[in-house]
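Okay, structure first, notes after.
The chains referred to below are lettered A, B, ... by the order of the sequence lines, with proteins before strands, and numbering in each begins at 1.
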2 protein chains.
Amino acid sequence: MTGAQRKTLQDIADAAGLSKAATSYALRGLRGSEATQTRVRAIADDLGYSADPIARALASGRSGNVAIVGSLRDLWRQGLAVMLSEALRAQELSSIIADVDGSPQREEAVLRSLAAQRVDGVIVLPVDPSASYWAEVPAQTRIVSIGDALTARPESESVLFDNEYGVGTALQHLADLGHRSVGLLAPTLPTTPGRPAEVLAQSLGDSMGVTVTVSSSPSSVHGAALAAAQLLSGAERPTALFCLGDSIAFGAYRAARELGLSVPEDLSILGFDDSELASLVSPELTTFGWDEQAIVDAAVSALTLPEGTGTASGQVMFRPVFIERGSTARQPPPSVPNH
Amino acid sequence: MTGAQRKTLQDIADAAGLSKAATSYALRGLRGSEATQTRVRAIADDLGYSADPIARALASGRSGNVAIVGSLRDLWRQGLAVMLSEALRAQELSSIIADVDGSPQREEAVLRSLAAQRVDGVIVLPVDPSASYWAEVPAQTRIVSIGDALTARPESESVLFDNEYGVGTALQHLADLGHRSVGLLAPTLPTTPGRPAEVLAQSLGDSMGVTVTVSSSPSSVHGAALAAAQLLSGAERPTALFCLGDSIAFGAYRAARELGLSVPEDLSILGFDDSELASLVSPELTTFGWDEQAIVDAAVSALTLPEGTGTASGQVMFRPVFIERGSTARQPPPSVPNH
DNA sequence: CTGCGGGAGTGAACCGGTTCACTCCATCCA
DNA sequence: TGGATGGAGTGAACCGGTTCACTCCCGCAG
């Protein structure tokens with residue numbers, strides 16, 4: 001039942017006894033008397049009219065397409081991408097999702113191809129925020145970047161993660177439990193200028209009397225298990241592992257199992273991101289969660305809202321919430337003091 | 001460096017000394033001499049021209065937007081949605097992702113709103129394939145549905161899952177291990193006409209001498225744990241659980257742990273979909289995997305390729321591959337024969 | 001030599017909105 | 001009373017392609 005032809009602006013204009021121009025203005029509330037506007041809107045509703053997004057795009061120069069670009073390997077970011085696309089749809093925007101798989105080359109290629117696609121916004125989880133190819137993005141394309149303070153692009157509107165808080169809270173928690181040697185497993189990124197979280201963790205650790213040994217790890221469970229095993233087989237085995245990502249933490253669980261270490265008695269494990277499976281593993285993973293919906297909404301409105309409407313700096317920061325479950329414990333364990 | 005203005009077709013026409021029309025035809029290889037075509041293409045490449053997708057959309061009536069609609073709650077489908085969007089991008093198509101959360105009402109609402117958005121294709125993981133609102137989708141909109149033979153829409157091009165094979169293989173595997181009573185945990189769907197997999201499993205089980213007790217379960221780990229616990233607390237406890245979805249299997253793991261049953265000695269667990277975490281849990285989950293990339297490619301080409309180019313029936317079927325890990329065992333266990 | 005078929009190329013309409021520059025007219029103030 | 005003001009509404013250009021109907025011209029058959 002495709003039924004009647006799609007209504008055009010001209011149809012509404014005819015029905016209202018107005019010109020196309022007046023009708024267009026009235027429907028968008030830009031000009032014309034209050035009375036006319038409501039009358040025209042009523043007619044449009046009546047006839048089931050809605051403006052053709054394509055024609056509008058051509059005339060107005062805005063395509064209604066937004067690209068979501070980033071390293072979308074891990075489950076958390078995949079979920080974020082889907083939520084972003086959902087939120088964009090609510091604004092009548094369609095999305096182009098591009099996984100750059102952590103590679104600056106792919107990031108560059110994607111950004112270039114986007115220029116041809118006439119996207120009018122890019123939401124990016126940047127791989128190399130300092131790369132020169134960002135300059136190639138047309139000036140009128142809004143860029144919103146999502147990430148921690150150091151991987152987000154300082155030039156663009158940003159949705160930031162308060163990793164300083166997260167890392168500080170994590171180390172404090174472990175220090176309070178008596179841990180003095182902590183291993184930090186951070187995801188491998190090809191270019192990590194300054195290795196922000198790691199450096200931060202080490203200096204924070206120092207101030208708490210905790211030694212932080214940093215090691216990088218792939219985001220996959222398998223790779224993380226290897227990286228964790230290596231860290232745990234060193235001379236001075238850390239009594240706790242802080243994993244920047246739940247998938248890495250899951251890998252650590254496996255490594256611990258293979259080494260015959262029980263969690264949390266012999267080894268405390270701390271995750272990050274509170275994946276759906278954090279409460280599945282045994283013991284349940286202590287981790288940090290985010291308000292993903294709020295992050296998504298912030299990113300979309302940064303893209304959507306007229307310039308300067310948001311915060312002065314164009315930046316919003318989100319703080320992870322600590323979720324204590326069962327994977328961390330006092331060190332040394334109180335149950336076996338000195339036997 | 002936004003630099004030079006974007007090139008238009010007129011620029012290329014001028015440079016080639018041809019009319020806009022001839023240039024347009026030549027670039028698309030539709031008319032004009034071979035020599036002219038290559039010459040025009042060379043000029044276009046030279047000037048870095050690429051056609052404006054919006055203008056093209058307006059003129060040609062195809063928007064270049066494809067909607068991905070379905071129940072996108074679980075991780076597997078989320079990953080599929082991201083992969084689909086990726087694959088569409090490679091065809092210069094943008095996507096609109098809509099999660100209908102298993103609700104026919106939302107499915108209907110989304111389909112209606114899509115009409116206004118002028119999508120020219122829909123990839124759907126249908127919730128209610130028999131619903132009448134499908135008729136509202138404009139006839140020229142291509143629909144590709146992804147699902148098993150009974151939840152896919154018979155009217156549209158389909159990418160099918162060979163669940164008959166999957167369920168049969170699973171039951172055979174369990175029967176071979178000596179199991180005679182199997183619990184089947186299937187995801188809850190609001191309208192499940194005929195409850196296909198369940199009915200299938202019961203009749204297949206009959207032919208193998210296996211009793212199959214069906215129970216529906218939410219897709220979330222928590223909900224599944226509850227459903228599994230209930231199934232395991234019944235009078236005749238099944239010795240194996242076949243879970244239609246890895247998340248449900250993870251819930252079953254937890255239920256087993258809480259009931260003091262060890263896997264696989266006391267209880268065999270079989271999953272479905274081979275999520276990234278199937279090999280993380282302990283024991284590693286025996287499950288069924290898909291070639292997701294092939295499924296995605298099939299769906300996209302069904303949408304993209306001209307009508308009738310694919311298989312005669314417009315349907316492709318994919319078969320899951322059995323991945324045996326450590327969560328199933330012989331029943332009763334051989335280690336403790338009769339002690 | 002005439003007539004015809006067909007490939008190459010062209011001008012103009014068209015897709016369906018947005019926006020600019022303009023006219024018209026009622027109102028208000030000097 | 002006359003001129004400035006400004007809100008309501010209009011015609012036409014415009015965005016950048018696609019496609020239709022047409023002309024022109026060359027080659028070939030009758």
Quiz item: Any side-chain N or O of B:Tyr25 less than 4.0 Å from the OP1 or OP2 oxygen of D:dC20?
Solution: no
Quiz prompt | Heavy-atom closest pair, residues A:Gln37 and A:Arg31 | solution = NE2-O, 3.1 Å
Self-check item: Atom of B:Arg319, atom of B:Trp290 and distance for their closest heavy-atom approach
Solution: C-CZ3, 3.9 Å
Quiz item: Please give, in whole Å, the distance from C:dT10 C1' to B:Asp14 CG?
Solution: 14 Å
Exercise. Search all heavy atoms of B:Asp52 against all heavy atoms of B:Ile54 and return the closest pair with its distance.
Key: OD1-N, 2.7 Å
Practice problem: Give the nucleotide from the list D:dT19, C:dT18, C:dG9 with an atom nearest to the side chain of B:Arg28. | Solution: D:dT19
Practice problem: Verify whether one side chain among B:Ser33 and B:Thr36 offers a donor that lies under 3.5 Å from an acceptor in the other. | Solution: yes
Self-check item: Listed nucleotide nearest any side-chain atom of A:Ala21, set C:dT19, D:dG17, C:dG17
Solution: C:dT19
Self-check item: Short side-chain N/O contact from A:Ser19 to OP1 or OP2 of D:dG11, under 4.0 Å
Solution: no
Quiz prompt | Atom pair distance, as rounded to whole Å: CG in B:Leu27 and P in D:dT18 | solution = 8 Å
Practice problem: For D:dG16, take OP1 and OP2 only and decide whether either is under 4.0 Å from a side-chain N or O of B:Thr8. | Solution: no
Self-check item: Candidates C:dC20, D:dT18, C:dT10 - which lies nearest the side chain of B:Arg31
Solution: C:dT10
Practice problem: Using atom types as modelled and distance alone, determine if a side-chain donor or acceptor of B:Gln315 lies under 3.5 Å from a backbone N or O of B:Val159. | Solution: no
Quiz item: Can you check whether B:Tyr49 has a side-chain N or O nearer than 4.0 Å to OP1 or OP2 of D:dG17?
Solution: yes
Quiz item: Which of the following nucleotides, D:dG17, C:dA8, D:dG16, is nearest to the side chain of B:Leu9?
Solution: D:dG17
Quiz item: How long is the line joining CZ of A:Arg56 and P of C:dT18, in whole Å?
Solution: 5 Å
Self-check item: Spacing of B:Arg39 atom CZ relative to C:dA8 atom C1', expressed in whole Å
Solution: 12 Å
Quiz item: 5'-most contact on DNA chain C: B:Gly17 or B:Lys20, nearest heavy atom basis?
Solution: B:Gly17
Quiz item: Quick one: A:Leu58 CG to D:dT18 P, roughly how many Å, whole number?
Solution: 12 Å
Exercise. From the options C:dG16, D:dG9, C:dT10, select the nucleotide whose nearest atom is closest to the side chain of A:Thr36.
Key: D:dG9
Exercise. Could you check how far CD of A:Glu34 sits from P of D:dA8, rounded to whole Å?
Key: 9 Å
Quiz item: So which nucleotide from C:dG16, C:dC15, D:dT10 ends up closest to the side chain of B:Ala59?
Solution: C:dC15
Quiz item: For B:Leu18, which contact category applies under a 4.0 Å heavy-atom criterion: base, sugar-phosphate, or nothing?
Solution: sugar-phosphate
Practice problem: Return the value, rounded to whole Å, for the distance between atom CG of A:Asp52 and atom P of C:dC15. | Solution: 12 Å
Practice problem: May I have the distance from A:Gln10 (atom CD) to C:dG17 (atom C1'), rounded to whole angstrom? | Solution: 11 Å
